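Predicted, not measured: the structure shown is a model, and the values here were computed from it. All values below come from the heavy atoms of this structure, side chains included, with hydrogens, waters and symmetry mates left out. Residue numbering restarts at 1 for every chain, and letters A, B, ... go by the order of the sequence lines.
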2 protein chains.
Amino acid sequence: MNSDPLAAAGTPLPRTPGVAVWEAVRADLLSRIKRGDHAPDEQLPSETALAQNYGVNRLTVRRALNELARVGVLRTMHGVGSFVAPQLMRHRIDDGRISLLESMSGRGHNVTQHILETVEHPGPRRAAGVPELAQVAGFGLSDPSELWTFPDFPGPLIEHRYVLDLDETPWCTSFAVVPKALVPADWDGTESIFSALAKTHGLAVRRDDRRFSAILADTRDAALLHVPAGAALLLLSGTNVDQDGRIVAYIVHHIRGDRAEYALRVPGPSIGPGEEA
Amino acid sequence: MNSDPLAAAGTPLPRTPGVAVWEAVRADLLSRIKRGDHAPDEQLPSETALAQNYGVNRLTVRRALNELARVGVLRTMHGVGSFVAPQLMRHRIDDGRISLLESMSGRGHNVTQHILETVEHPGPRRAAGVPELAQVAGFGLSDPSELWTFPDFPGPLIEHRYVLDLDETPWCTSFAVVPKALVPADWDGTESIFSALAKTHGLAVRRDDRRFSAILADTRDAALLHVPAGAALLLLSGTNVDQDGRIVAYIVHHIRGDRAEYALRVPGPSIGPGEEA
DNA sequence: TAGTGGTCTAGACCACTCA
DNA sequence: GAGTGGTCTAGACCACTAG
């Protein structure tokens, strides 16, 4: 069993009291990966094999693998195997443009956008419909009674749900609500709604506020983003307004926490704490 | 078994093919809680009891409970039981002050700060020492080779690790690195370092940049924040500078995603997308 | 069809809390 | 000591992927 020359991963572990076995297995696997024993995209031994090598039950190995998958170190595929995740570097998204698409383009990245679905609503919409926060719709919002409404553009709304891919890999699911009256008829979904909307109506769209939080990937996000359910996502929501301060869009992004970092420079005048402290 | 009049939670579930049993149990528990069957802080039946009621194995129930705990719907305590988490409303942190402490105070909240440890370093420090991202130190950073260094204040550094409590419950673990030369001798840790530092040296400290991402709580964060390991945390890091643009501090916050939302108004002039699109 | 990961079970033991 | 959650095991079956 352990005389296999290639079975480098997983020799029986010393069981230290106070430390769970799955935790020891996780730490061992992680240190091997960090040390470089396994190349990126390399397939790990099967769960059964790891269990044998470590001398533990398969469920114990699974728990360790699961934790590593959630933090983005591993990637497991049903019926195929577990693989070391490549390039664990976060991409920095620099703020400044109105849409994430524009923010990431022009940095040498190939950013594409895919519309998943487009739904029309007759009128104001409960914000509770935010891409369900780990199936906890209604919870998790700062104000569950918040309405997505457009005082200056009454009438039906359009909801767009789309995915942003960065260099061939999905890294963000998004959700936008805009007044139907503003959506250009010829918009094909390849450019951001906001620049299309700005071109068509001559509006200067800008972000009015941004709100950041963190959530876990639900099964839907997980499937779209190629992460396991329970992975950490950056929740970025905000409101877009035109040059007159009229609300033209509500947006919600779910950004892979293991692949992106949203950077923001603070442009305003310096705020001296001494003034009030 | 199921004739118990009080055993409202958990009658045998219809097994629908294609849906995992633990997933069905999770959905059932969640809907009961959302419906209000269980008051906040109410204790759920024991795992054994739930397993009997649902007619499934205890491990299956545990998986469901675990997922609910990670998203903040439940709170489980070893040897005690599982409880419905109270007030699932997020607190909104409004940006504008240099420190989170000041941001949350003055909003009717009782914010306190507890220093966990203070460590001195002889010189520049590798940023990889960020509160280990789910034990994946070195991974998860936008730039692992990043240095925490202060060109204008050479000499030893002080690292502070502390916890912010909001109305008696912890909601943020923080990490700050400042030049030792700037730390006031009489600073007792009850006010933010930055206002203390500003008072002592007459510096007007302000945030220079902010970087947002999402991570999972490791065991250390979990213990400090009273969340289970694997809960979603908002990772907020940034640099503080004085009025002359000299770097005076690096800070990292791990904020409970189920309890807080970081809001930011965009003050700058409107950015028209039409200009470049 | 063989091999992989995903799920579920029954049963055991341990660690923790509290009366 | 009774009751709770935390861990681990052995074994089974299913679902998926690939040759």
Side-chain angles (χ1 to χ4, degrees), chain A residues 9-10 12-29 41-70 74-85 219 222-223 226-230, chain B residues 9-10 12-29 41-70 74-85 219 222-223 226-230:
Chain A
L13 288 176
R15 305 214 175 179
T16 45
V19 178
V21 182
W22 70 264
E23 175 62 38
V25 172
R26 189 193 68 90
D28 184 71
L29 284 172
D41 283 322
E42 179 181 327
Q43 179 169 7
L44 292 184
S46 73
E47 296 178 350
T48 319
L50 284 174
Q52 280 180 354
N53 293 352
Y54 279 120
V56 300
N57 187 271
R58 186 179 149 220
L59 269 192
T60 307
V61 165
R62 275 184 62 76
R63 173 143 190 201
L65 292 175
N66 192 283
E67 299 296 326
L68 291 175
R70 290 202 188 205
L74 291 184
R75 170 104 191 276
T76 80
M77 285 185 285
H78 192 176
V80 184
S82 294
F83 301 83
V84 177
T219 47
H226 297 174
V227 296
Chain B
L13 288 177
R15 306 216 174 176
T16 45
V19 178
V21 182
W22 71 264
E23 176 62 38
V25 172
R26 189 193 69 90
D28 184 71
L29 284 172
D41 283 322
E42 180 182 326
Q43 180 169 8
L44 292 184
S46 74
E47 295 178 349
T48 320
L50 284 174
Q52 281 181 353
N53 294 350
Y54 279 119
V56 300
N57 187 271
R58 188 180 149 220
L59 268 193
T60 307
V61 165
R62 275 184 62 75
R63 174 141 188 201
L65 292 174
N66 194 283
E67 299 296 327
L68 291 175
R70 290 201 187 204
L74 291 183
R75 170 103 192 276
T76 80
M77 284 184 287
H78 192 177
V80 185
S82 294
F83 301 84
V84 177
T219 46
H226 297 175
V227 295

Rounded to whole angstroms, how far apart are [atom1] on [X] and [atom2] on [N]?
{"X": "A:L44", "N": "C:dG3", "atom1": "CG", "atom2": "C1'", "result": "16 Å"}
{"X": "B:N66", "N": "C:dT7", "atom1": "CG", "atom2": "P", "result": "13 Å"}
{"X": "B:W22", "N": "C:dC8", "atom1": "CH2", "atom2": "P", "result": "8 Å"}
{"X": "A:F83", "N": "C:dG3", "atom1": "CZ", "atom2": "C1'", "result": "12 Å"}
{"X": "A:L74", "N": "C:dG5", "atom1": "CG", "atom2": "P", "result": "11 Å"}
{"X": "B:R63", "N": "D:dT7", "atom1": "CZ", "atom2": "C1'", "result": "16 Å"}
{"X": "B:M77", "N": "D:dT4", "atom1": "CE", "atom2": "P", "result": "14 Å"}
{"X": "B:Q43", "N": "D:dT4", "atom1": "CD", "atom2": "P", "result": "8 Å"}

Could you check whether A:R62 gets within reach of a base, just the sugar-phosphate, or nothing at all, counting any heavy atom under 4.0 Å?
base
Any idea which heavy atoms bring [X] and [Y] closest together, and the distance?
{"X": "A:A222", "Y": "A:P228", "answer": "CB-C, 3.8 Å"}
{"X": "A:F83", "Y": "A:D41", "answer": "CD2-O, 3.5 Å"}
{"X": "A:T76", "Y": "A:A69", "answer": "CG2-CB, 4.3 Å"}
{"X": "A:V84", "Y": "A:L74", "answer": "CA-CD2, 4.0 Å"}

Please list every stem that involves DNA chain D, where a stem is a run of 3 or more consecutive Watson-Crick or G-U wobble pairs with both pairing distances under 3.5 Å.
C:1-18 with D:1-18
Starting at the 5' end of nucleotides 9-19 of chain D, put B wherever the base has a protein heavy atom under 4.0 Å, S where only the sugar-phosphate does, and a dash everywhere else.
BB-B--BBS--
Atom pairs and distances, side-chain donor-acceptor, residues 60-67 of chain A, under 3.5 Å, sequence neighbours left out:
from: A:R62; atom 1: NH1; to: A:E47; atom 2: OE1; distance (Å): 3.3
from: A:R62; atom 1: NH1; to: A:E47; atom 2: OE2; distance (Å): 3.0
from: A:N66; atom 1: OD1; to: A:R70; atom 2: NE; distance (Å): 3.2
from: A:E67; atom 1: OE2; to: B:R70; atom 2: NH2; distance (Å): 3.0

I want to check one thing: is the phosphate of D:dG6, taken as OP1 and OP2, less than 4.0 Å away from some side-chain N or O of B:T76?
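For B:T76, the contact criterion (side-chain N or O under 4.0 Å from OP1 or OP2 of D:dG6) is met.
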